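Keep in mind it's a predicted model, so treat the numbers as computed, not measured. These numbers come from the heavy atoms of this one structure, side chains and all, not from hydrogens, waters or symmetry mates. Counting starts at 1 for both ligands and their atoms, in listed order.
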Amino acid sequence: MNEKLTKAAAALKARGFDAAVFSTAQEACDFILGDIPEGKTVAIGGSMTVKQMGLEKSLRENGHEVLWHWEVEPAKRGALLHQAMNAPVYMCSANALTEDGLIVQIDGNGNRVAAMCYGPQLVYVVIGRNKLVEGGLQQAVRRIKSVACPQNARRQGLDTPCARTGSCDVSACGHSMCHMTVSFDLAPNGKRTQVVLIDEELGY
Ligand code: SF4
């Protein structure tokens, strides 16, 4: 088993999260499908990890209704995002995770961090090993801005400095995706947050 992921899982547990490590995406998928209460609607945040794992398809095959704004036309996204906040189950990935268990997210709209903080009562955060960083918040933010943001901006066709050069330049960024940085010192109160760590490269 990946020692760094095992260490991160222990640190996440110390912060009040549920955490488990899996060798493969398939094992993680099997765990998630077995863990979600039968028939519950699952909302998904923007996540290449979830897409790569085909979780939305597997959830539907297992009888869950899935709410995902990535699947609907722009005019319907706002309403769906509000619906997602009231779903019983939420699923997303993280932009970065430190070895001492700090989950770090940078959002543009805030729907994902809002749902993680206060909304669905059961949240799954699915994280591939490539999101793990050595160091603390500063190193996590550096990873997000130099690895995740350039790829996310290119995927969305945004003309940002990070998409053009691979480096962040806030002063020249007219279409910023980075409106808020949220780190979770402790698991949010009043809900269960299950972190699923996978020893594969997933998402970005
Ligand atoms: S602020 Fe702009 S340039 Fe910097 S990482 Fe975010 S989207 Fe990219």
Side-chain angles (χ1 to χ4, degrees), residues 4-5 8 12 15 43-53 55-56 67-82 84-85 90-119 123-185 188 193 195-198 200-204:
K4 287 183 178 175
L5 289 180
L12 283 159
R15 292 174 184 270
I44 303 176
S47 170
M48 286 305 294
T49 298
V50 169
K51 192 172 182 183
Q52 231 173 300
M53 290 172 70
L55 273 166
E56 77 285 11
L67 306 176
W68 202 6
H69 63 288
W70 275 12
E71 297 178 330
V72 301
E73 58 190 88
K76 293 183 177 165
R77 272 185 207 149
L80 194 70
L81 287 171
H82 280 283
M85 278 296 288
Y90 195 79
M91 193 174 290
C92 62
S93 186
N95 293 131
L97 170 68
T98 66
E99 282 180 344
D100 68 347
L102 195 66
I103 294 172
V104 183
Q105 307 283 39
I106 294 184
D107 261 14
N109 297 326
N111 60 293
R112 183 180 56 157
V113 292
M116 280 184 71
C117 292
Y118 192 86
V123 174
Y124 293 88
V125 187
V126 188
I127 306 174
R129 68 178 176 218
N130 47 311
K131 307 285 185 75
L132 196 60
V133 295
E134 287 180 14
L137 178 60
Q138 208 180 345
Q139 285 72 26
V141 170
R142 189 177 303 144
R143 180 210 182 267
I144 298 169
K145 297 238 174 182
S146 63
V147 179
C149 288
Q151 295 181 77
N152 269 322
R154 286 177 202 133
R155 175 178 58 80
Q156 295 177 65
L158 298 176
D159 183 23
T160 61
C162 61
R164 287 195 298 273
T165 69
S167 299
C168 175
D169 181 357
V170 177
S171 64
C173 188
H175 300 92
S176 179
M177 304 180 299
C178 306
H179 287 227
M180 62 212 77
T181 301
V182 175
S183 60
F184 292 82
D185 297 322
T193 304
V195 182
V196 178
L197 301 173
I198 306 170
E200 284 186 17
E201 307 248 329
L202 292 159
Y204 39 76

Within a strict 4.5 Å, meaning less than it, do heavy atoms of the Gln139 and Thr98 side chains meet? no
Within the supplied structure, the quantity of interest is the number of heavy atoms (other residues, nucleotides, ligands) at a distance under 6.0 Å from Gln156 CD; does it exceed 12? yes
Leu202 side, atom CG; Lys51 side, atom NZ - distance, nearest 0.5 Å: 14.5 Å
Atoms of type N/O/S from protein, distance to atom 2 (Fe) of ligand 1 below 2.8 Å: 1
Is Val182 close to Met116 at the side-chain level, that is, under 4.5 Å between some pair of heavy atoms? no
I'd like to check Gln105 versus Ile144 (side-chain heavy atoms, cut-off strictly below 4.5 Å). Are they in contact? no
Other residues, nucleotides and ligands only: do more than 12 of their heavy atoms fall within 6.0 Å of NE2 on His179? yes
